[in-house]
Every structure is written in C-alpha cells, then in structure tokens.
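Notes follow the structure.
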Amino acid sequence: MSASGHHHESGAAGERTVASVCCYCGTGCGVRVTAKDGRVIAVQGDPEHPANRGRLCSKGLALADTVRRDTARVLQAEWRPERGRERMPVSLDNALDLAAGKLAATLDMHGPDAVGFYLSGQLLTEDYAVFNKLARALVGTNNIDTNSRLCMSSAVSGYKLTLGADAPPACYDDLELADTVLIAGSNMAYAHPVLFRRLEAAKAARPGMKIVVVDPRRTDTAALADLHLPILPGTDVALFHAMLNVMVWEGLVDASYIADHTRGFDALKARVHEYTPRAAQDVCGVPAADIVQAARWFGQAGAALSVYTMGLNQSSSGTAKNGALINLHLATGQIGKPGAGPFSLTGQPNAMGGREAGGMATLLPGHRDPADADHRGEVAGLWSVPSLPSRPGTPALEMFDAVLEGRIKVLWIAATNPAQSLPDQARVRAALQKAEFVIVQEAYAGTETLAYADLVLPAATWPEKSGTLTNSERRISRVRAAIAPPGDARPDWELAASVARRLARLVAPEKAPLFQYPDAAAVFAEHARMTAGRDLDYSRIDYALLERTGPVQWPYRGDSGTARLYADGRFPTADGRAQFYDTGYTPTAEAVSAQYPLRLTTGRLRDHWHSLTRTAMAPVLTRHVEEPWLSLHPLDLQRLKLEPHALVRVRSRRGAIVLPVRPDDTVRPGHAFLPMHWGSAYMGGHGINALTNSARDPVSRQPELKHAAVAVAPARLPWQAMAWVAGDTAVLRAQLAPWLRGFEYAALLPCAAGPGVRLRLAAAAPAPSHVVDALAQALGLDQPDAAFDDVSRGIVRRVRLAVEAPGADAPGAFMLAGDVRAHDGLMAWAEGGAAPASLANLLMARAPAAPRTRTVCACVGVSEAAIRSGIESGMDVAQLKDRLGCGSGCGSCLPEVRRMVALHGA
Ligand SMILES: Nc1nc2c(c(=O)[nH]1)N[C@H]1C(S)=C(S)[C@@H](COP(=O)(O)OP(=O)(O)OC[C@H]3O[C@@H](n4cnc5c(=O)[nH]c(N)nc54)[C@H](O)[C@@H]3O)O[C@H]1N2
Ligand SMILES: Nc1nc2c(c(=O)[nH]1)N[C@H]1C(S)=C(S)[C@@H](COP(=O)(O)OP(=O)(O)OC[C@H]3O[C@@H](n4cnc5c(=O)[nH]c(N)nc54)[C@H](O)[C@@H]3O)O[C@H]1N2
Ligand code: SF4
Ligand SMILES: [Mo]
C-alpha cells in the first residue's frame, strides 16, 4: 500500500499527518500535511506520489507559511442590503437563505438564464459536481462557466476536434522517454517546476535528447533548450505548418499511420505547401534554418513529445494553434506510444476535474455535450430530473457581456477573482457594478472581486477541504483535510448544496432530496457513475478504492488505470480515425500601430500564484520578485530615454497603468512583458489586466491574454513616498489598501523581510502636509522614535523601533516622503542585513548602502548580487551550488542560475 493511500497516521504528541495534493499547479504533486492543535505545522513532498516522488517546488515547500494566519481569511458571511452601503456580517444560515431567496425571486421574475455561475479550475471535482447540478438541474440554465475559459478551453477544443475527445494522451513518464521534446508556449521552469526538474534530469542522463522551446521570450525554460525559437507572438500556426511542410518534403511523415488512423491529410498537405520555411521565417521572425532543424528533430525522433500551455491557448487562434501542433503528431504517428504525444499541461490543480464534471457552459458531465439532446437526456436521467435546459449557456467573457447588457442579473462567483484576472478590466468592473446581485464565495479577504459582492459566502480552502482532483496526466488523487475550516467557512460543495436545498424548497420541493449528500464521498460516487461507458470511464473508482490503490489514471477499466491513450490507433470519433486540423494562420487580434507600437505579453513568475491571495502571505515567496515591473529590451529603454527602474505609464486601447520599468534582454526589441499577478488590491488603477484584450478564439472563446498593443512613456512623478511596516501582513494590507487610490502611482507590496508590507507612492506634485500626516498616522508613525522632517521642503523621514526586539534597536516601521534616498539602507537594516549606522546617518542617507538586489534562491536565500560575484570569481553552476547553496533546496532557481552563468560567465 502506498503512503498516498494512507488516510492519516499519527506522529509526535497530538500531531497528525495526512496525504494530500498541492493546491497550486496542474502537476498535482503529492504532499504530506502535518497538523497540530488545528494548525498546519509542516508540508512535505510525498515520496510515494507518482507525480513528484517527494519533490516540491518553491511554492509547494512554502505551503505551510501561506495558511498560518486566519487574519487573511473570510471568516463569516456578509451581506449588503443595498448598493452604496457597507456590508454587514450575517450568520451563515441567514446568508444561505438570502442567496436562495434572491435566486428564487430572479427565476420568478426573469427566468433561469438571468442567473450565471462563474467558477474555477481550483474547485475540487465534488464542488463542480454540485454546482453543475444546481445550475442545470435546479436553476435550469447552462450559464455555468469557469476561469478554465481563460486557461484550458483552446486545449479542450483542440483535442476534441482532432482526437475526438478531451483527453491528454500522454503521461509524465513520457518526459523521461522522449527523444525530442517540443515545448511550445510553456514556461515549465516557472509554471510546472517539478515536471521541469524531471525533464532536466532526463536531459542530464541522456544528453542526446533534443529540446526545442517555442516562446517569444528567452525564458528559464529556454535555457535548457538545444534550440530556442523566439517567434513573434501569435505566429505558432505558421511555424507548425512550416515544420509539417519540411516533414512532407523530407519524407519524415508516417504514410501508413496517416492512411490507417487519420483522415483529412491531403487537404492539409495542400495547405502547408505554401508554408515554406522561408515564408514562415518572415511571419514568425525566426531563421528558416532553425525551423528546418526543429522539424527534423521532431520528424526523425524515435519518440517525439510536445508540451504546451498558455502560449498556445491564450490566443485568438488558440484552437488552431493546438490543432496545428497535434497535426505534427498525427502526421508522424507520434502518439499512443511511450515518450510521444501532444501533451497539454493543465494550469490549475483541477482544471481536468472541471472538464470531466462538465463544469463549463459547453460541457456536460462525463465529457458530454449540452447541445446534444441524447447527452442531455442521459444526464437528466442520471440526476433524476425530467430534463435539462437546451438553450446554450454563456462562456466566461460572454457571461460578463450578458451582465453588462442586463440579461444576467445574478452572478455567483466561486474560487476565482475576475476583477483581477479577466482581460479588459474596465469592462469587467462595469459589469460587476451593473449586476443586480453578486454572490462571491471566497476564502481570502481583500480580493478585488470582493469589493463588488452583495453577498459573501465564506469558503473553506486547502488544507481544510476534502475531495478529489485530476492532474495533467489524468491522475485522480485524494485531497484530504488536515485541519477544520476557520470561522463559518465551509467547503464549496457544501455551500452550493445548502443553497440548492433551500432554493428547491422554494421552487421545486421534490428536488430538495437531490442535494442531500452525507459527505464528499457520496458526491464523488454520484459523479463517477456518470462517466460509465464514456471515454474517461472511472465509474469503478470510489474513495475506498483510492484509499487502497493511491492515485490512479483514467480511464480506469477492469482494475487498472491507463497510462497512455490511443495505443491501438483507434480514436473516439465516429469512424475511429483522428482528424487533421486544417486551417490557416491568422495574426493576433490587435496589430501594433504608431500610437501603440509595442507588443505586450503577460505571464507567470516562479514564486507567485495568480492574484496573490495565497502566495503573498509567505515572505519567502516574495523574495524572488517583490513588485511588478514592465520588462523592456535595453535598446527600447535607450530609444524611449528611460532610466532603468523609472516609473512608466503603459497604455493600451483599453486602459493604462503606472509601474517601474526594467531592462530585460529576454524580451525582443519592440516587445514588452508584464507578470499577470498584480491587481488593484496591490497597485493603483485596475491592475495588469487594465491593458489586456478580450478578443477571443472563435471556437474555444478563450481570450487573447498573451497579446496587446501598448505604448510606454515616462511617468514624471518626482514626489515619492516609501514605507515599510512589520506586522501581520493581512491586517496591514487591509489598513493600508485605501492608500492605493489617489496617487498617480501606488503599490502595496507584501514584504520579503518577514510578515509586514511595503508601500510605495508617487505623484507629480508633493502631497499636501495633511495627507502626509494622515499617512504617517496610518503607518503608526505619528510618534516616531526618530524623525528628520523638513516640513518646509515637504520632507518626512521617520523610524519606529520594534517594541519587542532585543535591545529595541531593530525598526518596526519607517517612512520616507519627499526624499526617499534612505530607502535601501533602511530596508537592509530592517531585513537584518546591516548594522544600524547612527539612525541619523541612516535617515539622512549619509550611510552608504548596497543597492537592494533580488533573491534568486528563495529556499537558501541567495541574492542575485552574491551569485553575480560568484560568477565573476569564476564559479560554475556546480560550484555556486556547493559554495553558496543556491539550487540545493527545491532546485526551482537552477534554470536562472544556469542562465546567469551563461550570460555573465567566462
Ligand atoms: N508559478 C506559477 N505557476 C503556475 C501558475 C502561477 O500563477 N504561478 N499558474 C498555473 C496556471 S493556472 C497556468 S494556466 C499555467 C500557465 O503556464 P504557462 O503557460 O507555462 O505560463 P505563462 O507564463 O502564462 O505563459 C507561458 C509562455 O507563453 C509565452 N507566449 C506568449 N505568447 C506566445 C505565443 O504567441 N506563442 C508561444 N509559443 N508562446 C507565447 C510567454 O512568453 C510565456 O513564457 O501555470 C500554472 N502554474
Ligand atoms: N494577463 C493575464 N491574465 C490572466 C492570465 C494570464 O496569463 N495573463 N492567465 C489566466 C489564467 S490561465 C487563469 S487560470 C486565471 C486565474 O485567475 P483567478 O482564478 O482569478 O486567480 P486566483 O487568484 O487563483 O483566484 C482564485 C480565488 O479563489 C480564492 N480561493 C482559494 N481557495 C479557495 C477555495 O477553496 N474556495 C473558494 N471559494 N475560493 C478559494 C482565492 O483566494 C482567489 O481569490 O487568470 C487568467 N488571467
Ligand atoms: S510543481 Fe510546485 S506548484 Fe505545482 S503541484 Fe508541484 S509543488 Fe505544487
Ligand atoms: Mo490557468
């Protein structure tokens, strides 16, 4: 029996350890969570979980830090009796009644399609199952969609339109078995680090393995590549067609596989005829010879695997990009065998489970289709209701459009933060404002979306929830609760079921028993039955079986799971053949122009997760990148006459934000990059997605989050203020959030030094003295231990010493306004990295201070500067690891260390 199957075991006095799964990425690493007295005290990798065999990345390792404080949480329900008023706390019972009452009234007045559910790939399968039944079988609408629309929906349509079913055919072991790995639009080194560790190890063991990375940016993932193709954004279809052109021309296609197992090749072959490497060179902006090389490595490989994520999916041609990549596998027979296949990695931990449970407008449980009357009949039968609605539901962005147009009145949002993560925030926020009633079911306080909630339902979260999820390789694992939820928080499925029972009593009493589940196991049992006879069949699985076997892969037939699909060359289509996807290249929705001359893309950082609600609570995770900045090529900085680190205003056709710029030669000249993580809870304005475009793929309806045309100009904001306060991060955040409004530039930064926050403000004119006074008061600096103010020049410099620090000579807070030169010296002192010169010298910036540098290795705490000087003294990667310790923990920083050595070494 595997440890992953163990329910729990006892350890030292009062300690209890459960086997569960990390709540971040779709890798689905097994963890062992140790709790004592209702608190998580440790999280370790589960050596027996097949996804990670004990490894964790920096985010997984810091999990315990992110769940320590209840202050960060939504602990009770809140209700706003009318717009414009404050919300007030209500009992959970009351809140559930209010939700049911509002839904019933809306059904009565406006019909079922006036209700919309906007959910998340971070829900567990049990959560989706109940929400889905509530929406379709009780409310009677298909208006149920998730943030997977921003994430996986192009992968879903790509698979369905070619292979016939939404199922990644490969498995993680294929990373070790492939001869060529094509990584397209995926920054695995940051986004799926434990899988990247496996790939690094495989490459080290078999250096002959070829790795090709297709990404406009030279990412840490590209550092491992034998060939990096920095294509222009959005041009993947042209690239893949040109690779197929080369394979046809050079006889690298598998004619018998094509003849026996596919259809549609001739038309595609005719199409790719014009996509010569020369022609693609002009479209994609990479040398024709490199395209030929990539095609040969793929076509000649014994086994070719491709790994792809948002660089393909988040595009106005996302389905075509997926289809064109799958074409390469079908044309060469590189599917259904070890080391081969088109492997779409899922982003969120349970994006897969959502697809299985039918948690999208365009899906029904068990990979069924709501447009298919037979499928609707089957599901209605399984749910014991007479029928399901046939009117098409709204995908995510269309749901917000419908709200804006007044067609959807009530919006129920759970486990996603649309006022941060959806593109074109001005429009999203207008919709949230327009909605008649917004229910937000949330675990963490202070999110962007909570600002719009009329009713807040307090949700339990990892590690308080129990259920299942499915990772990228179709593996179902048990998520086990290690502690009880705080306050009134309840698991998402329980909240949905409680409202459903109340609503049923009001509108259809006979349906109330359909939502009576004794526990999560019962929800899963009902859901799993719905997969019987379908491509993903796991109807034989229940919690008892998972307890015995540990995690298993679907389809699960007889008594075993399935590592790879389509080994027999038969596909789940009408005639058993896979279909080539024949469509041409179309450019990004928005072209650059004289007004908006730069091409912006957005994506992830290594140690942050989405809208930061969780990762910002762990100081160790904020060390790698403390604040958002715009990456521009050094040549563009010169051309635009921008100082490195200067504040810039970035504008698109939809909005503008102000933030610092940094020279970054991993982006091409004319291009720009922004991390996706910062929203209006942490910066002035509407956050990163003020800029992005909601243009979407015609098939998958996925928005083009990866491309927008922007302009960058210096933001001349000479008045600056910088502050730092130690203390409970969540409490301070709530107190200081109002300071994000009213300045041209503002940022509230979680603090790498330990629990606490930093605040940065800038404006064109000095803030009036009453504003500076109010700020000092908000920071607890109205009665400082040391102050060097120069009121006539609008300058305030103050320090408060920590109350409990030994000798009380460590700072508890500081603020600088009007003259911020002392910032780096004070921060170094605050972080314990420097002895306090005289306080006066520090505050007047007379003491020299080393400039703040980033921490590259978060586990061991090794700075960029230390690694740079190591490299300058001649150390290689192994010596840096040995002597400085960087990369000796989780290994997440190794790609960056390697890249630094390549750049600055020798
Ligand atoms: N650390 C961390 N890990 C995460 C997450 C997180 O928030 N933080 N989120 C998880 C989730 S939900 C997801 S969806 C995944 C996403 O995982 P990834 O898709 O790997 O991450 P991104 O950084 O969004 O985008 C990947 C790359 O696409 C490139 N790209 C942009 N445009 C194009 C293009 O036109 N073509 C190609 N080929 N590439 C392009 C970008 O430069 C970027 O490097 O990460 C998961 N893992
Ligand atoms: N510019 C740009 N924007 C993007 C992307 C991009 O690449 N670029 N990527 C897109 C992608 S791929 C994704 S997946 C989305 C992610 O976007 P979101 O889904 O908005 O991101 P999260 O911050 O993960 O939001 C999850 C919310 O659920 C809360 N929560 C956590 N656990 C629980 C729980 O158990 N129950 C409940 N009810 N709530 C919980 C969290 O506190 C948080 O507020 O962002 C998308 N937006
Ligand atoms: S790779 Fe990291 S974030 Fe992803 S599941 Fe594993 S430990 Fe969690
Ligand atoms: Mo995602």
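Note that ligands are numbered from 1 as they come in the structure, with each ligand's atoms numbered from 1 the same way. Numbers here are sequence positions counted from 1. Keep in mind that this is a model prediction, so the values were computed, not measured.
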Considering the heavy atoms of Gln122, write down every atom of ligand 2 situated less than 4.0 Å from one of them.
19 (O), 22 (P), 24 (O), 26 (C)
Would one find an N or O of Ala460, backbone or side chain, under 3.5 Å from an N or O of ligand 2?
yes
Taking both backbone and side-chain atoms of Ser421, is any N or O found less than 3.5 Å from an N or O belonging to ligand 2?
yes
For Thr613, take its heavy atoms, then give the atoms of ligand 2 lying under 4.0 Å from any of them.
41 (C), 42 (O), 43 (C), 44 (O)
Distance-only donor-acceptor check, side chains Thr461 and Arg614, under 3.5 Å
yes
Identify which one of Leu195, Leu56, Asn471 satisfies the side chain to side chain contact (heavy atoms under 4.5 Å, CB included) criterion when paired with Cys29.
Leu56
Quick one: do Lys465 and Asp127 make a salt bridge, cutoff under 4.0 Å?
yes
Closer than 4.0 Å to some heavy atom of Thr602 - which atoms of ligand 2 meet that?
1 (N), 2 (C), 6 (C), 8 (N)
Has Gln420 got any heavy atom lying under 4.0 angstrom from an atom of ligand 2?
no
Output yes when a side-chain donor or acceptor of Asp46 lies under 3.5 Å from a complementary backbone atom of Arg32, and no otherwise.
no
Should you measure from each heavy atom of Thr461, which atoms of ligand 2 turn up under 4.0 Å away?
31 (C), 32 (N), 33 (C), 34 (C), 35 (O)
Tell me the nearest of Lys465, His677, Arg604 to atom 13 (C) of ligand 2, using heavy-atom distances.
Arg604
With respect to atom 3 (N) of ligand 2, which of Asn689, Thr449, Asn417, Ile413 exhibits the smallest heavy-atom separation?
Asn689
Do any nitrogen or oxygen atoms of Thr447 lie less than 3.5 angstrom from nitrogen or oxygen atoms of ligand 2?
no
Atoms in ligand 2 with a heavy atom of Gln314 nearer than 4.0 Å
5 (C), 6 (C), 7 (O), 9 (N), 10 (C), 11 (C), 12 (S)
Can you find an N/O atom of Ser611 closer than 3.5 Å to an N/O atom of ligand 2?
yes
Here the atoms of ligand 2 under 4.0 Å from any heavy atom belonging to Lys706 are 7 (O)
Would Asp401 and Arg696 pass as an ion pair if we require N to O under 4.0 Å?
yes
Do you see a donor-acceptor pair shorter than 3.5 Å between the side chains of Thr71 and Arg733?
no
Do the side chains of Pro551 and His49 get nearer than 4.5 Å, heavy atoms only?
yes
Determine how many protein N/O/S atoms sit closer than 2.8 Å to atom 8 (Fe) of ligand 3, leaving waters out since they are not shown.
1
Would you please say whether a donor-acceptor pair under 3.5 Å links the side chains of Asn417 and Glu448?
yes
I'd like to check Lys59 versus Cys22 (side-chain heavy atoms, cut-off strictly below 4.5 Å). Are they in contact?
no
Quick one: which ligand 2 atoms are inside 4.0 Å of a heavy atom on Trp609?
24 (O)
As an exercise, identify every atom of ligand 2 less than 4.0 angstrom from a heavy atom of Ala459.
36 (N), 37 (C), 38 (N)
Nearest non-hydrogen protein atom, atom 29 (C) of ligand 2:
Glu442 OE2, 3.0 Å
Beyond-backbone contact of Thr309 with His192, side-chain heavy atoms, under 4.5 angstrom
yes
Can you tell if the side chain of Asp492 reaches within under 4.5 Å of the side chain of Tyr128, non-hydrogen atoms only?
no
What do you reckon, does Gln348 have a nitrogen or oxygen under 3.5 Å from a nitrogen or oxygen of ligand 2?
no
Knowing that exactly one of Val21, Val31, Leu124 qualifies, which makes a side chain to side chain contact (heavy atoms under 4.5 Å, CB included) with Trp462?
Val31
